Amino acid sequence: MSTTRPCSPGDRGPEPGAGGASGMSAERAAPEEEAASMASASSTAATSSAAPVAAASSAEDAPPSEGGSGSGGGSTSSAAARRTRKLNFDGESGVVPLARDFARQALYAWGWLPAATADQRAAAEDVLLVVSELVTNACLHAEGPDDLLISCDNKVLRIEVSDKGAGQPAPRTPHRAGRPGGHGMFIVQRLCLDWGVVRTSGAAGKTVWAELGAPA
């Protein structure tokens, strides 16, 4: 396998926290000459005093709720740190709008949309634009895309478009804004943290990938 650029590593989830509580029980033997009513009252008081302690201990031991930025906890946190969705284009028509709709659904599922701020809205629009440009590039120069894969963690969203083309995508140089066509990879280069091409030895085609930063 070869690639034009190293893949930017994504951050992993936070380290799991630790917590817990221990209970304590005690028995008190009443003297033989103590009145039965006093023993009954003492037992009732001990039971009502122990109940709140047990409830508090159970609350402290419960795992953090999902969705919070500070949630921790072993394999569950690691699995949630990177989310992935894949779209296959076999037999599909109108692949560019199809890819945009697929990416938009992922952004809603992962909390990028609906955008609460202008920066978050711009980040989501950048993702949709890069998806459009990579899929369009595969249509124009590689007989169409095979698959679209989108993955995301708390820091980076990665887009991968695979095709069977043998060409090497690259921004047109020199870039002239007024010239029609040839702007796709220039846009990708400008909007993304990094991008590159991966080829598998002995297999036809390639995967073009691009990474964008998550909104603040």
Side-chain angles (χ1 to χ4, degrees), residues 1-13 66-67 78-115 120-171 181-215:
M1 179 180 293
S2 62
T3 179
T4 59
R5 292 177 174 82
C7 301
S8 302
D11 290 350
R12 295 294 180 259
E66 293 185 4
S78 298
R82 177 157 291 276
R83 296 148 290 181
T84 301
R85 292 193 173 198
K86 185 175 183 179
L87 172 65
N88 183 272
F89 293 105
D90 287 348
E92 300 288 352
S93 59
V95 295
V96 175
L98 179 64
R100 284 180 63 90
D101 288 343
F102 176 79
R104 186 179 292 108
Q105 291 173 12
L107 294 180
Y108 272 101
W110 297 339
W112 289 50
L113 290 173
Q120 292 175 351
R121 187 178 304 109
E125 291 173 353
D126 287 349
V127 170
L128 298 178
L129 180 55
V130 170
V131 167
S132 296
E133 295 298 339
L134 292 183
V135 173
T136 298
N137 201 58
C139 292
L140 295 176
H141 305 292
E143 301 180 2
D146 291 334
D147 298 294
L148 165 64
L149 187 145
I150 305 177
S151 60
C152 179
D153 59 17
N154 292 331
K155 298 292 185 180
V156 174
L157 184 141
R158 181 180 175 96
I159 302 165
E160 301 180 19
V161 176
S162 61
D163 59 57
K164 294 182 174 64
Q168 181 72 19
H183 305 297
M185 297 311 298
F186 176 79
I187 292 173
V188 171
Q189 181 175 268
R190 289 290 300 270
L191 294 180
C192 295
L193 300 172
D194 200 3
W195 71 276
V197 180
V198 175
R199 298 182 188 276
T200 302
S201 179
K206 62 185 180 297
T207 298
V208 183
W209 60 268
E211 294 181 336
L212 299 93

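As the structure is a prediction and not an experimental result, all values here were calculated from the model.
- Between Phe102 atom CZ and Lys86 atom NZ the span is 10.0 Å, to the nearest 0.5 Å.
- When all heavy atoms are compared, the tightest approach of Pro169 to Gly167 is CD-O, 3.7 Å.
- Residue Thr136 holds its OG1 atom at 9.5 Å from NE2 of His141, rounded to the nearest 0.5 Å.
- None of Arg158, Arg83, Arg82 except one satisfies the salt bridge (Lys or Arg N to Asp or Glu O under 4.0 Å) rule with Asp153; the exception is Arg82.
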Could you give me the CA-CA distance, side-chain angles and deciding distance for Asp163 and Asn137, then say whether side-chain contact (heavy atoms from CB on, under 4.5 Å) is met?
CA-CA 10 Å; Asp163 59 57; Asn137 201 58; over 6 Å; no
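- Atom CG in Asp126 sits 6.5 Å away from atom CG in Leu212 (nearest 0.5 Å).
- Atoms CG and CG, from Asn88 and Leu149 in turn, are 11.5 Å apart once rounded to the nearest 0.5 Å.
- When every heavy atom of Gly213 is checked against every heavy atom of Leu193, the shortest pair comes out as N-CD1, 3.5 Å.
- Expressed to the nearest 0.5 Å, how far CD of Glu160 lies from OG1 of Thr84 amounts to 8.5 Å.
- Considering all non-hydrogen atoms of both residues, Ala166 and Lys206 come closest at N-NZ, 4.4 Å.
- Judged purely by atom type and a 3.5 angstrom limit, Ser162 uses its side chain to pair as donor or acceptor with the backbone of Asp147.
- Leu134 places none of its side-chain heavy atoms less than 4.5 Å from the side chain of Leu148.
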Go through it in stages, so that I can follow the logic: the residues are Ile150 and Trp110, the test is side-chain contact (heavy atoms from CB on, under 4.5 Å), and I'd like the CA-CA distance, side-chain angles, deciding distance and then a yes or no.
CA-CA 11 Å; Ile150 305 177; Trp110 297 339; 3.6 Å; yes
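- Remark: the Arg100 side chain and the Ser132 side chain contain an N/O donor-acceptor pair separated by less than 3.5 Å.
- Atom CD of Glu133 and atom CD of Gln189 lie 13.0 Å apart (nearest 0.5 Å).
- Under the 4.5 Å side-chain criterion, counting only non-hydrogen atoms from C-beta, Leu128 is in contact with Arg104.
- Here the shortest heavy-atom pairing between Arg199 and Gly165 reads NH1-O, 3.7 Å.
- Residue Glu92 qualifies as enclosed at atom CD: its count of foreign heavy atoms under 6.0 Å is above 12.
- The shortest heavy-atom contact between Ala99 and Leu87 is CA-CD2, 4.2 Å.
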Could you go through the side-chain contact (heavy atoms from CB on, under 4.5 Å) check for Leu98 and Phe89 one step at a time?
CA-CA 9 Å; Leu98 179 64; Phe89 293 105; 4.2 Å; yes
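- At least one side-chain heavy atom of Trp209 sits under 4.5 Å from a side-chain heavy atom of Asp194.
- With contacts defined as side-chain heavy-atom distances shorter than 4.5 Å, the pair Leu157/Leu107 qualifies.
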